[in-house]
There are 2 protein chains.
Amino acid sequence: MNNRKENSTNTINESYWKDHCGIAFTLSAIGGRWKINILSYLLHEDKLRYGELRKRLVGISERMLIAKLKELEQDKLVNRIVYQQVPPKVEYELTALGRSLENILILMDEWGETNM
Amino acid sequence: MNNRKENSTNTINESYWKDHCGIAFTLSAIGGRWKINILSYLLHEDKLRYGELRKRLVGISERMLIAKLKELEQDKLVNRIVYQQVPPKVEYELTALGRSLENILILMDEWGETNM
DNA sequence: CTGCATCCTCAAAGATACTG
DNA sequence: CAGTATCTTTGAGGATGCAG
């Protein structure tokens with residue numbers, strides 16, 4: 001996808017990458033404080049406007065939401081749909097790739113619910 | 001488990017917690033830069049001494065490794081086995097709860113391998 | 001060998017004001 | 001409405017020295 005190799009995980013040795021490279025990549029795509037929340041909402045609600053997402057993600061700053069949406073878009077997990085009109089309207093939705101994360105999110109949710 | 005509520009995710013609103021509480025909890029248990037790496041090694045190699053883990057986790061500082069192992073121990077994901085001898089010998093191994101994360105790690109690895 | 005305490009750095013994230 | 005720009009803050013993580 002994009003510049004994964006510049007992330008913090010690039011200091012890991014070869015034996016690691018042989019065994020767990022996929023995990024590191026997945027984490028780099030959905031890890032951090034906000035991305036999974038964003039993906040979850042888009043999973044449940046199909047299309048959401050920027051402002052709707054912001055209302056749901058209580059506590060996120062505009063700057064962060066934009067940054068994370070842009071990263072998700074660059075990683076092809078979400079589509080950004082621009083409606084040419086005034087006032088502006090932009091919607092975000094999951095791509096097929098984004099939806100393919102559903103199994104992982106479900107498993108994580110189940111494990112958490114069971115063990116919290 | 002322990003003090004989840006003090007984490008950064010505690011600012012999220014009610015509708016979030018209703019829908020995705022489990023995911024947030026799971027992420028708080030295995031998220032971050034190192035925990036999944038540690039878990040992966042213990043999954044593949046059963047018991048590992050502190051020094052062996054440190055050799056495998058290239059780039060981690062002693063301070064971080066100790067801190068993350070302690071967190072994993074407090075969350076009941078790993079067991080710490082102390083051998084009363086000189087020089088000291090301590091081994092770490094997954095608990096049943098820790099091994100129960102295997103499915104998630106496998107899914108994440110597969111997704112990453114497929115899409116990286 | 002295993003582990004703790006202290007100090008420090010830097011990047012991620014927050015706050016705020018502004019614009020098309 | 002949907003962003004952008006700038007400044008500030010925070011805290012995860014690194015370096016180092018010490019101890020049982």
Side-chain angles (χ1 to χ4, degrees), chain A residues 2-12 24 27-38 41-42 47-74 78-93, chain B residues 3-13 24 27-38 41-42 47-74 78-93:
Chain A
N2 57 351
N3 54 346
R4 286 281 173 267
K5 288 295 159 46
E6 296 169 14
N7 286 348
S8 54
T9 40
N10 69 346
T11 52
I12 294 169
L27 259 196
S28 74
I30 68 175
R33 180 169 169 185
W34 297 110
K35 284 184 179 177
I36 282 189
N37 300 18
I38 297 171
Y41 280 117
L42 293 177
K47 286 190 180 66
L48 282 173
R49 298 183 65 170
Y50 171 81
E52 295 171 329
L53 270 172
R54 197 150 72 88
K55 260 178 268 172
R56 283 160 179 73
L57 294 159
V58 175
I60 199 171
S61 63
E62 297 178 1
R63 184 180 163 286
M64 259 304 109
L65 180 52
I66 291 290
K68 293 309 161 187
L69 284 171
K70 190 178 286 182
E71 288 178 30
L72 290 170
E73 192 194 355
Q74 284 175 348
V78 310
N79 275 139
R80 182 172 179 272
I81 308 162
V82 182
Y83 298 84
Q84 283 300 345
Q85 60 184 52
V86 179
K89 174 178 172 181
V90 179
E91 285 185 331
Y92 293 89
E93 65 174 1
Chain B
N3 55 346
R4 286 282 172 270
K5 290 294 158 47
E6 294 170 20
N7 285 348
S8 55
T9 40
N10 69 344
T11 51
I12 295 169
N13 64 1
L27 259 196
S28 73
I30 68 175
R33 180 169 168 186
W34 296 110
K35 283 183 178 178
I36 281 188
N37 299 17
I38 297 172
Y41 280 118
L42 292 177
K47 287 188 180 67
L48 282 173
R49 298 184 62 172
Y50 171 80
E52 293 172 331
L53 270 171
R54 196 151 72 90
K55 258 178 268 170
R56 281 161 180 71
L57 294 158
V58 175
I60 199 172
S61 64
E62 295 179 2
R63 181 182 165 287
M64 260 303 110
L65 180 51
I66 291 290
K68 293 310 162 188
L69 284 172
K70 187 179 288 182
E71 289 178 27
L72 291 170
E73 192 194 354
Q74 285 175 347
V78 309
N79 275 136
R80 182 171 178 271
I81 309 163
V82 183
Y83 297 84
Q84 283 300 345
Q85 61 183 54
V86 178
K89 174 179 174 181
V90 179
E91 286 187 331
Y92 293 89
E93 65 174 1

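Just so we're on the same page: letters track the sequence lines, and every chain starts at 1.
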For this session: Carefully, step by step, assess B/Asn79 and B/Glu73 under the rule side-chain contact (heavy atoms from CB on, under 4.5 Å).
Result: CA-CA 6 Å; B/Asn79 275 136; B/Glu73 192 194 354; over 6 Å; no
Kindly compute the distance separating [atom1] ([X]) from [atom2] ([Y]), expressed to the nearest 0.5 Å.
X: B/Leu65; Y: B/Tyr92; atom1: CG; atom2: OH; answer: 7.0 Å
X: B/Ile36; Y: A/Leu27; atom1: CD1; atom2: CG; answer: 4.0 Å
X: A/Leu42; Y: A/Leu69; atom1: CG; atom2: CG; answer: 7.5 Å
X: A/Arg33; Y: B/Ser28; atom1: CZ; atom2: OG; answer: 13.0 Å
X: B/Ile38; Y: B/Arg54; atom1: CD1; atom2: CZ; answer: 13.0 Å
X: B/Lys89; Y: B/Tyr83; atom1: NZ; atom2: OH; answer: 5.0 Å

Less than 4.0 Å between a side-chain N and a carboxylate O, is that true for [Y] and [X]?
X: B/Glu71; Y: B/Lys68; result: yes
X: B/Glu52; Y: B/Arg49; result: no
X: A/Glu93; Y: A/Lys47; result: yes

For this session: Assign B/Arg54 to base, sugar-phosphate, or nothing according to its heavy-atom contacts below 4.0 angstrom with the strands shown.
Result: nothing
For this session: Please work out if B/Tyr92 contacts a base, only the sugar-phosphate, or nothing of the nucleic acid, heavy-atom cut-off 4.0 Å.
Result: sugar-phosphate
Between [X] ([atom1]) and [N] ([atom2]), how many Å, whole number?
X: A/Leu69; N: C/dA13; atom1: CG; atom2: C1'; result: 15 Å
X: B/Leu53; N: C/dT2; atom1: CG; atom2: P; result: 10 Å
X: B/Ile60; N: C/dT2; atom1: CD1; atom2: P; result: 14 Å
X: A/Ile66; N: C/dG14; atom1: CD1; atom2: C1'; result: 15 Å
X: B/Lys47; N: C/dT2; atom1: NZ; atom2: C1'; result: 18 Å
X: A/Met64; N: C/dT16; atom1: CE; atom2: P; result: 16 Å

Seminar exercise, completed: Terminal axes of the helix from C/dC1-D/dG20 to C/dG20-D/dC1 (5 end pairs apiece), angle rounded to 10 degrees, sit apart by 50°
For this session: Provide the closest heavy-atom pair for B/Arg56 versus B/Tyr41 in the form atom of the first, atom of the second, distance.
Result: O-OH, 3.6 Å
Exercise. Starting at the 5' end of DNA chain C and moving along, which residue's nearest nucleotide shows up first, B/Tyr50 or A/Glu62?
Worked result: B/Tyr50
Exercise. What one-letter contact string describes nucleotides 5-11 of chain C from 5' to 3', where B marks a base within less than 4.0 Å of any protein heavy atom, S marks contact via sugar-phosphate atoms alone, and - marks no contact?
Worked result: -B-----
Exercise. Which two nucleotides bound the region of DNA chain D that has atoms under 4.0 Å from heavy atoms of chain A, read 5' to 3'?
Worked result: D/dC1 to D/dT6
Problem set entry | Given C/dG3, C/dG20, C/dC1, the nucleotide with the shortest approach to the side chain of A/Pro88 | C/dG20
Exercise. Taking only side-chain nitrogens and oxygens of A/Arg33, does any of them come within less than 4.0 Å of OP1 or OP2 of C/dG14?
Worked result: yes
Exercise. Do B/Leu48 and B/Glu91 come within less than 4.5 Å of each other through their side chains, counting heavy atoms only?
Worked result: no
For this session: For B/Ser61 and for A/Lys89, find the nucleotide of DNA chain D with the closest heavy atom, then tell me which residue's nucleotide is more 5'.
Result: A/Lys89
